[in-house]
Amino acid sequence: GKGFYRILLRTQVGMEDQYFESIRKQFAYYKLLGERAMNQVGEPHLFEAPSPESNSLAVMVKHLWGNMLSRWTDFLTTDGEKSWRNRDAEFEADIETADELWDKWEAGWKVLFEAVQPLTHEDRDRIIYIRNQGHTVTEAINRQLAHYAYHVGQIVFLARMLAGEKWHSLSIPKGQSSAYNQQKFSKPKEKGHFTDEFLEKDE
(Lines give C-alpha, C1' and ligand atoms only; values in the text may rest on other atoms or scores of the structure.)
Protein backbone atom coordinates (compact mmCIF):
# COMPACT_ATOMS: atom_id res chain seq x y z
CA GLY A 1 0.00 0.00 0.00
CA LYS A 2 0.94 3.66 0.25
CA GLY A 3 2.88 3.11 3.47
CA PHE A 4 5.36 0.94 1.55
CA TYR A 5 6.20 3.79 -0.82
CA ARG A 6 6.45 6.33 1.98
CA ILE A 7 9.07 4.18 3.69
CA LEU A 8 11.05 4.08 0.45
CA LEU A 9 10.88 7.83 0.03
CA ARG A 10 11.98 8.51 3.60
CA THR A 11 15.11 6.37 3.32
CA GLN A 12 18.11 8.45 4.31
CA VAL A 13 20.31 9.28 1.35
CA GLY A 14 23.58 8.99 3.31
CA MET A 15 26.39 8.10 0.92
CA GLU A 16 23.94 6.98 -1.75
CA ASP A 17 23.86 8.82 -5.07
CA GLN A 18 21.11 11.45 -4.85
CA TYR A 19 20.10 10.63 -8.41
CA PHE A 20 18.31 7.51 -7.20
CA GLU A 21 16.55 9.39 -4.41
CA SER A 22 15.37 11.91 -7.00
CA ILE A 23 14.05 9.36 -9.47
CA ARG A 24 12.24 7.44 -6.71
CA LYS A 25 10.42 10.64 -5.83
CA GLN A 26 9.62 11.35 -9.46
CA PHE A 27 8.22 7.86 -10.02
CA ALA A 28 6.14 8.23 -6.84
CA TYR A 29 4.94 11.64 -8.08
CA TYR A 30 3.65 10.23 -11.37
CA LYS A 31 2.06 7.28 -9.60
CA LEU A 32 0.16 9.62 -7.28
CA LEU A 33 -0.74 11.96 -10.15
CA GLY A 34 -2.37 9.08 -12.03
CA GLU A 35 -4.23 7.96 -8.93
CA ARG A 36 -5.58 11.40 -8.14
CA ALA A 37 -6.78 11.75 -11.71
CA MET A 38 -8.49 8.35 -11.95
CA ASN A 39 -10.08 8.75 -8.51
CA GLN A 40 -12.08 11.66 -9.93
CA VAL A 41 -13.70 9.41 -12.54
CA GLY A 42 -16.75 7.26 -11.85
CA GLU A 43 -16.20 3.53 -12.29
CA PRO A 44 -18.09 3.16 -15.60
CA HIS A 45 -15.92 5.89 -17.16
CA LEU A 46 -12.71 3.98 -16.35
CA PHE A 47 -13.56 1.70 -19.27
CA GLU A 48 -14.78 4.38 -21.67
CA ALA A 49 -12.64 5.24 -24.72
CA PRO A 50 -13.22 8.62 -26.40
CA SER A 51 -13.13 7.00 -29.85
CA PRO A 52 -12.76 3.53 -31.38
CA GLU A 53 -9.08 4.22 -32.05
CA SER A 54 -8.38 5.51 -28.53
CA ASN A 55 -7.53 3.77 -25.28
CA SER A 56 -9.60 3.86 -22.13
CA LEU A 57 -8.07 4.56 -18.74
CA ALA A 58 -8.25 0.84 -18.01
CA VAL A 59 -6.31 -0.02 -21.17
CA MET A 60 -3.65 2.57 -20.38
CA VAL A 61 -3.26 1.06 -16.91
CA LYS A 62 -3.01 -2.42 -18.40
CA HIS A 63 -0.25 -1.29 -20.77
CA LEU A 64 1.70 0.38 -17.97
CA TRP A 65 1.31 -2.78 -15.86
CA GLY A 66 2.62 -5.01 -18.64
CA ASN A 67 5.52 -2.69 -19.41
CA MET A 68 6.51 -2.36 -15.76
CA LEU A 69 6.42 -6.10 -15.07
CA SER A 70 8.59 -6.73 -18.11
CA ARG A 71 11.08 -3.90 -17.62
CA TRP A 72 11.63 -4.15 -13.86
CA THR A 73 11.49 -7.89 -13.15
CA ASP A 74 15.14 -8.98 -12.74
CA PHE A 75 16.05 -5.49 -13.94
CA LEU A 76 19.82 -5.86 -13.73
CA THR A 77 20.16 -9.40 -15.04
CA THR A 78 17.65 -10.04 -17.84
CA ASP A 79 16.49 -8.22 -20.96
CA GLY A 80 13.74 -5.70 -20.21
CA GLU A 81 11.55 -7.12 -22.98
CA LYS A 82 10.67 -10.49 -21.43
CA SER A 83 9.83 -13.50 -23.58
CA TRP A 84 6.60 -13.89 -21.60
CA ARG A 85 5.38 -10.36 -22.31
CA ASN A 86 2.47 -10.03 -24.75
CA ARG A 87 2.48 -6.33 -25.54
CA ASP A 88 -0.37 -6.48 -28.07
CA ALA A 89 -2.64 -8.05 -25.43
CA GLU A 90 -2.03 -5.06 -23.17
CA PHE A 91 -4.21 -3.00 -25.51
CA GLU A 92 -7.17 -5.39 -25.36
CA ALA A 93 -10.00 -3.91 -23.29
CA ASP A 94 -10.67 -6.89 -21.05
CA ILE A 95 -10.32 -5.40 -17.55
CA GLU A 96 -13.85 -5.64 -16.17
CA THR A 97 -13.78 -4.10 -12.70
CA ALA A 98 -12.19 -1.17 -10.91
CA ASP A 99 -10.65 -3.60 -8.41
CA GLU A 100 -8.84 -5.41 -11.22
CA LEU A 101 -7.64 -2.09 -12.62
CA TRP A 102 -6.21 -0.99 -9.27
CA ASP A 103 -4.65 -4.39 -8.64
CA LYS A 104 -2.72 -4.13 -11.91
CA TRP A 105 -1.78 -0.52 -11.22
CA GLU A 106 -0.32 -1.42 -7.81
CA ALA A 107 1.39 -4.58 -9.07
CA GLY A 108 3.24 -2.69 -11.79
CA TRP A 109 4.46 0.09 -9.51
CA LYS A 110 5.43 -2.41 -6.80
CA VAL A 111 7.88 -4.28 -9.03
CA LEU A 112 9.30 -0.93 -10.20
CA PHE A 113 9.97 0.37 -6.68
CA GLU A 114 11.39 -2.95 -5.53
CA ALA A 115 13.86 -2.86 -8.44
CA VAL A 116 14.91 0.77 -7.94
CA GLN A 117 15.17 0.77 -4.15
CA PRO A 118 18.44 -1.21 -3.81
CA LEU A 119 20.30 0.62 -6.59
CA THR A 120 23.42 2.57 -5.62
CA HIS A 121 26.01 4.76 -7.29
CA GLU A 122 27.97 1.69 -8.38
CA ASP A 123 25.01 0.54 -10.49
CA ARG A 124 24.64 3.69 -12.57
CA ASP A 125 26.96 2.67 -15.40
CA ARG A 126 26.09 -1.02 -15.44
CA ILE A 127 24.82 -2.15 -18.82
CA ILE A 128 21.36 -3.67 -19.07
CA TYR A 129 19.44 -4.57 -22.21
CA ILE A 130 16.03 -3.72 -23.65
CA ARG A 131 15.22 -5.67 -26.81
CA ASN A 132 18.91 -6.53 -27.06
CA GLN A 133 19.97 -2.87 -27.05
CA GLY A 134 22.41 -1.92 -24.32
CA HIS A 135 21.61 0.89 -21.88
CA THR A 136 23.38 2.09 -18.79
CA VAL A 137 21.16 1.76 -15.74
CA THR A 138 20.82 5.55 -15.75
CA GLU A 139 19.73 5.57 -19.40
CA ALA A 140 17.23 2.77 -18.82
CA ILE A 141 15.70 4.54 -15.82
CA ASN A 142 15.45 7.83 -17.69
CA ARG A 143 13.80 6.04 -20.61
CA GLN A 144 11.16 4.49 -18.38
CA LEU A 145 10.55 7.66 -16.36
CA ALA A 146 9.84 9.57 -19.58
CA HIS A 147 7.64 6.75 -20.89
CA TYR A 148 5.51 6.64 -17.75
CA ALA A 149 5.22 10.42 -17.55
CA TYR A 150 3.94 10.36 -21.14
CA HIS A 151 1.22 7.85 -20.31
CA VAL A 152 0.27 9.43 -16.98
CA GLY A 153 -0.18 12.67 -18.89
CA GLN A 154 -2.63 10.84 -21.16
CA ILE A 155 -4.42 9.44 -18.11
CA VAL A 156 -4.76 12.92 -16.56
CA PHE A 157 -6.00 14.42 -19.83
CA LEU A 158 -8.64 11.73 -20.37
CA ALA A 159 -9.72 11.72 -16.72
CA ARG A 160 -10.19 15.47 -16.85
CA MET A 161 -12.42 15.12 -19.91
CA LEU A 162 -14.47 12.37 -18.28
CA ALA A 163 -14.81 14.14 -14.92
CA GLY A 164 -16.09 17.33 -16.55
CA GLU A 165 -17.15 20.07 -14.14
CA LYS A 166 -16.37 17.85 -11.13
CA TRP A 167 -12.65 17.96 -11.91
CA HIS A 168 -10.29 19.27 -9.22
CA SER A 169 -6.97 20.62 -10.47
CA LEU A 170 -3.87 18.51 -9.83
CA SER A 171 -1.54 21.48 -10.19
CA ILE A 172 -1.90 25.24 -9.78
CA PRO A 173 -5.56 26.09 -10.49
CA LYS A 174 -6.33 28.58 -13.24
CA GLY A 175 -6.02 32.17 -12.12
CA GLN A 176 -3.93 31.33 -9.04
CA SER A 177 -0.41 31.35 -10.50
CA SER A 178 0.50 34.78 -9.16
CA ALA A 179 -0.65 33.98 -5.64
CA TYR A 180 1.19 30.65 -5.74
CA ASN A 181 4.43 32.28 -6.91
CA GLN A 182 4.12 35.03 -4.30
CA GLN A 183 3.81 32.41 -1.58
CA LYS A 184 6.85 30.51 -2.91
CA PHE A 185 9.07 33.56 -3.29
CA SER A 186 8.16 34.81 0.20
CA LYS A 187 10.20 31.92 1.67
CA PRO A 188 14.00 31.69 1.96
CA LYS A 189 15.87 29.79 -0.74
CA GLU A 190 16.34 26.14 0.18
CA LYS A 191 17.31 22.87 -1.43
CA GLY A 192 14.34 20.63 -2.09
CA HIS A 193 12.73 18.33 -4.61
CA PHE A 194 9.91 19.66 -6.79
CA THR A 195 7.70 16.70 -5.84
CA ASP A 196 7.98 17.15 -2.07
CA GLU A 197 4.96 19.42 -1.65
CA PHE A 198 2.78 17.21 -3.85
CA LEU A 199 3.79 13.98 -2.09
CA GLU A 200 3.41 15.47 1.38
CA LYS A 201 -0.26 16.18 0.68
CA ASP A 202 -0.79 12.43 0.58
CA GLU A 203 0.45 11.97 4.16
Side-chain angles (χ1 to χ4, degrees), residues 1-9 23-73 80-82 84-117 144-176 194-203:
K2 292 180 179 177
F4 171 77
Y5 301 108
R6 289 181 186 140
I7 292 171
L8 294 182
L9 297 175
I23 60 96
R24 289 183 194 111
K25 287 185 175 183
Q26 289 186 67
F27 279 127
Y29 168 76
Y30 286 113
K31 178 179 186 289
L32 187 56
L33 200 64
E35 290 167 359
R36 289 186 176 178
M38 290 188 287
N39 279 328
Q40 297 191 51
V41 175
E43 182 168 350
H45 293 309
L46 294 172
F47 312 99
E48 181 180 329
S51 71
E53 296 78 25
S54 302
N55 296 316
S56 66
L57 292 169
V59 168
M60 285 189 256
V61 168
K62 188 181 177 188
H63 169 55
L64 283 169
W65 162 79
N67 178 281
M68 289 174 176
L69 292 187
S70 182
R71 292 290 184 268
W72 299 100
T73 299
E81 187 67 11
K82 301 296 187 291
W84 41 258
R85 184 187 184 195
N86 185 349
R87 184 179 181 279
D88 290 336
E90 294 165 16
F91 296 94
E92 295 174 4
D94 56 5
I95 294 180
E96 297 182 350
T97 66
D99 285 343
E100 184 181 356
L101 180 153
W102 288 114
D103 285 347
K104 282 184 164 50
W105 177 262
E106 290 294 339
W109 287 102
K110 183 174 186 292
V111 73
L112 182 160
F113 281 109
E114 288 178 346
V116 171
Q117 173 60 19
Q144 296 312 115
L145 181 63
H147 183 71
Y148 302 151
Y150 167 80
H151 284 302
V152 169
Q154 292 176 323
I155 286 171
V156 171
F157 181 76
L158 180 55
R160 182 171 185 170
M161 287 175 47
L162 294 169
E165 295 180 354
K166 297 179 180 179
W167 178 258
H168 295 284
S169 176
L170 302 178
S171 59
I172 305 170
K174 287 182 178 181
Q176 296 185 29
F194 79 96
T195 66
D196 288 342
E197 180 179 351
F198 189 85
L199 294 170
E200 286 169 3
K201 291 179 180 178
D202 196 46
E203 293 294 325

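The chain is numbered in sequence order, starting from 1. For clarity, every value in this text was computed on a predicted model and none was experimentally measured.
Looking only at distances, a side-chain donor or acceptor of K62 sits under 3.5 Å from a matching main-chain atom of A89.
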Can E106 and K31 be said to form a salt bridge (charged side-chain N to carboxylate O under 4.0 Å, His left out), step by step?
CA-CA 9 Å; E106 290 294 339; K31 178 179 186 289; 3.2 Å; yes
Full working for side-chain contact (heavy atoms from CB on, under 4.5 Å) between L162 and Q40
CA-CA 9 Å; L162 294 169; Q40 297 191 51; over 6 Å; no
Start with the C-alpha distance between Q117 and R24, add both sets of side-chain angles, then the distance that settles side-chain contact (heavy atoms from CB on, under 4.5 Å), and finish with yes or no.
CA-CA 8 Å; Q117 173 60 19; R24 289 183 194 111; 3.3 Å; yes
Before you tell me yes or no, could you show the steps for M161 and W167 under side-chain contact (heavy atoms from CB on, under 4.5 Å), namely the whole-Å CA-CA distance, both residues' side-chain angles and the distance that decides it to 0.1 Å?
CA-CA 8 Å; M161 287 175 47; W167 178 258; over 6 Å; no
Verdict with reasoning, W65 to I95, per side-chain contact (heavy atoms from CB on, under 4.5 Å):
CA-CA 12 Å; W65 162 79; I95 294 180; over 6 Å; no
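Here the CG atom belonging to L69 is positioned 8.5 Å from the CD atom belonging to E90, to the nearest 0.5 angstrom. In this structure, the separation between CH2 on W109 and CG on L32 is 10.0 Å, given to the nearest 0.5 Å. Within the model, atoms OH of Y148 and CD1 of I155 stand 12.0 Å from one another, a figure rounded to the nearest 0.5 Å. L46 contributes atom CG, which lies 6.5 Å from atom CD of E43 (distance to the nearest 0.5 angstrom). Here the OG1 atom belonging to T73 is positioned 10.0 Å from the CG atom belonging to L112, to the nearest 0.5 angstrom.
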Using distance only, find each side-chain donor-acceptor pair of residues 50-61 under 3.5 Å and give its atom names and separation, not counting sequence neighbours.
from, atom 1, to, atom 2, distance (Å)
S51, OG, S54, N, 3.4
S51, OG, S54, OG, 2.6
S56, OG, A58, N, 3.4
S56, OG, V59, N, 3.1

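Using a 4.5 Å heavy-atom cutoff, the side chains of Y150 and L145 are not in contact. When side chains are defined from C-beta on, M38 counts as touching W105, because their heavy atoms get closer than 4.5 Å.
Between A37 and A159, the closest heavy-atom pair is O-CB, 3.6 Å. In terms of heavy atoms, E96 sits closest to E100 at N-OE1, 3.3 Å.
Between the side chains of Q144 and N67, at least one donor N or O lies within less than 3.5 Å of an accepting N or O. W72 and E114 share no donor-acceptor pair across their side chains, judged by distance under 3.5 Å alone.
Every residue two or more places apart in sequence or in another chain that forms a salt bridge (charged side-chain N to carboxylate O under 4.0 Å, His left out) with E81 is listed here: R71, R85, R131. Evaluation of the side-chain contact (heavy atoms from CB on, under 4.5 Å) rule for D88 yields N86 as partners, not counting sequence neighbours. Remark: H168 pairs with no residue by the ring pair (Phe, Tyr, Trp, His ring centres under 6.0 Å) rule, at least two apart or across chains. For H151, the side-chain contact (heavy atoms from CB on, under 4.5 Å) criterion is met by H63, L64, H147, Q154, not counting sequence neighbours.
A salt bridge (charged side-chain N to carboxylate O under 4.0 Å, His left out) check over residues 148-159, counting only residues at least two apart or in different chains, returns nothing.
Heavy-atom neighbours of F157 CZ from other residues, nucleotides or ligands within 6.0 Å: at or below the threshold of 12.
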